[in-house]
Undergrad: 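Sharing a structure here in structure tokens format.
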Amino acid sequence: MEGEINHRSLLVNGINMHVAEKGEGDVVLLIHGFPELWYSWRHQIKSLAARGYRAVAPDLRGFGDSDAPADAEAYTMLHVVGDLVALIDALGQDKVFVVGHDWGAIAAWNLCMFRPDKVKALVNLSVAFMPRNSHLKPVKTLRAVYGDDYYVCAFQEPGRMEAEFAQTKTALLMRKFLTFHDSSPIYGIGSPPTKEIVLPSWLSEEDINYFASKFDKSGFTGGLNYYRALDLNWELTSPWTGVQIKVPVKFIVGDQDLTYNFPGVKDYIHKGGFKKDVPLLNDVIIMEGVGHFINQEKPQEIADHIYDFIQKF
């Protein structure tokens with residue numbers, strides 16, 4: 001797998017960013033989520049390269065072989081989007097196609113909000129656009145609805161989740177995370193699995209070991225810091241309250257994804273709110289029986305969806 005994909009490190013926005021890439025042609029920037037890496041896009045990288053595109057998948061700051069600043073305040077969307085804009089420039093591009101998943105989808109929405117001039121078109125997976133609510137601070141709101149042990153709230157205290165994760169072998173944690181296929185709210189995310197986890201056909205021991213080897217080296221703090229910067233993001237993005245996303249968008253989510261089953265999300269997606277905030281929303285795809293890690297669970301279908309959309313532009 002790895003031998004066929006090129007790897008290098010680029011200095012962007014004051015950090016060293018590891019990038020995996022393959023192919024020639026228009027650039028497709030693939031942005032991963034938590035707890036993931038460039039490797040989550042391994043299938044799409046090859047498929048897009050074979051179809052005449054240059055697929056580029058970075059490890060975001062805090063992940064894998066990219067630098068991981070220690071302070072949670074260095075993980076706002078202004079920092080992350082700054083990295084992506086600098087990466088686009090470092091790749092010698094004015095504009096690129098963008099594909100995001102999970103936190104990568106959030107970063108992609110913010111990239112389109114801050115710098116729509118850099119994006120030709122966007123395919124986002126799992127996380128719909130979330131318009132800023134000027135009255136509701138994110139973490140406080142989640143605490144009020146779900147309590148202190150809800151995973152986003154549990155992630156807030158520096159060191160707490162790192163200590164919980166450290167009690168379980170990283171490979172076992174990655175098995176638990178990546179096979180998660182439940183649409184209900186997450187509690188007890190740091191606890192070890194209570195029964196043996198049989199890997200689905202789309203995930204191999206080799207895949208698990210690759211993820212585990214990188215998180216063993218980097219730790220989880222960088223990834224957790226994205227959650228710890230949630231309220232700071234809310235404060236800093238106040239100037240963009242009410243802004244529409246003005247790039248062409250295709251959105252794909254699994255019906256078993258916890259993000260799709262979050263209160264209010266289905267109504268927002270299907271009853272006009274999403275289209276109002278994202279007026280160039282071309283297509284919404286709901287994949288039946290599919291969970292959160294959609295780009296790994298349905299690799300060829302997602303690659304086809306990406307290609308079918310971006311080849312129009």
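Below, each value reflects all heavy atoms present in this structure, side chains not excepted, and no hydrogens, waters or symmetry copies. Here the structure is a predicted model, which means the values were calculated and not measured.
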Undergrad: Does any donor atom in the side chain of Tyr39 or Asp207 lie under 3.5 Å from an acceptor atom in the other side chain?
TA: yes
Undergrad: Is there a side-chain contact between Phe293 and Glu36, using heavy atoms and a 4.5 Å cut-off?
TA: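 They are in side-chain contact.
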Undergrad: Checking Tyr307 now: which residues fulfil side-chain hydrogen bond (donor to acceptor under 3.5 Å, both in side chains) with it, not counting sequence neighbours?
TA: none
Undergrad: Using the ring-ring contact (aromatic ring centres under 6.0 Å, His included) criterion, which residues pair with Tyr226? Sequence neighbours excluded.
TA: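 By the ring-ring contact (aromatic ring centres under 6.0 Å, His included) rule, Tyr226 matches Phe63, Tyr75, Trp103.
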Undergrad: Around atom CD of Glu24, are there more than 12 heavy atoms from other residues, nucleotides or ligands closer than 6.0 Å?
TA: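 No, because the 6.0 Å sphere around CD of Glu24 holds 12 heavy atoms or fewer from other groups.
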Undergrad: Does a side chain donor of either Asp257 or Ser126 reach within less than 3.5 Å of an acceptor in the other side chain?
TA: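 Distance-only check passes for Asp257 and Ser126.
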Undergrad: Only pairs under 3.5 Å count here: list side-chain donor-acceptor contacts from residues 243-253, not counting sequence neighbours, and write none if there are none.
TA:
from   : atom 1 : to     : atom 2 : distance (Å)
Gln244 : NE2    : Lys276 : O      : 2.7
Lys250 : NZ     : His305 : O      : 3.1
Lys250 : NZ     : His305 : ND1    : 3.1

Undergrad: Please say which of Lys120, Arg51, Arg54, Lys95 ends up in a salt bridge (charged side-chain N to carboxylate O under 4.0 Å, His left out) with Asp26.
TA: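 With Asp26 as partner, Lys120, Arg51, Arg54, Lys95 yield a single salt bridge (charged side-chain N to carboxylate O under 4.0 Å, His left out), made by Lys120.
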Undergrad: Using 30° and 60° as the class boundaries, would you call the ring planes of Phe262 and Tyr146 parallel, tilted or perpendicular?
TA: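 Correct class here is tilted.
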Undergrad: Tell me every residue that passes side-chain hydrogen bond (donor to acceptor under 3.5 Å, both in side chains) with Asp182, counting only those two or more places apart in sequence or in another chain.
TA: Ser184
Undergrad: Let me see the working for Val145 and Tyr150 under side-chain contact (heavy atoms from CB on, under 4.5 Å), right down to the final yes or no.
TA: CA-CA 9 Å; Val145 176; Tyr150 181 63; over 6 Å; no
Undergrad: Quick one: pull up CG in Asn282 and CG in Leu122 and give me the separation to the nearest 0.5 Å.
TA: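 Interatomic distance, Asn282 CG to Leu122 CG, rounded to 0.5 Å: 11.0 Å.
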Undergrad: Is the distance between the ring centroids of Phe220 and Phe215 less than 6.0 Å?
TA: yes
Undergrad: Which atom pair, heavy atoms only, marks the closest approach of Thr179 to Arg175?
TA: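 Looks like OG1-O, 2.5 Å.
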Undergrad: side-chain hydrogen bond (donor to acceptor under 3.5 Å, both in side chains) with Asp148: which residues, sequence neighbours excluded?
TA: Arg143
Undergrad: Would you tabulate the side-chain donor-acceptor contacts of residues 27-35 under 3.5 Å, counting partners in other chains and residues two or more places apart, or write 'none'?
TA:
from  : atom 1 : to    : atom 2 : distance (Å)
His32 : NE2    : Leu60 : N      : 2.9

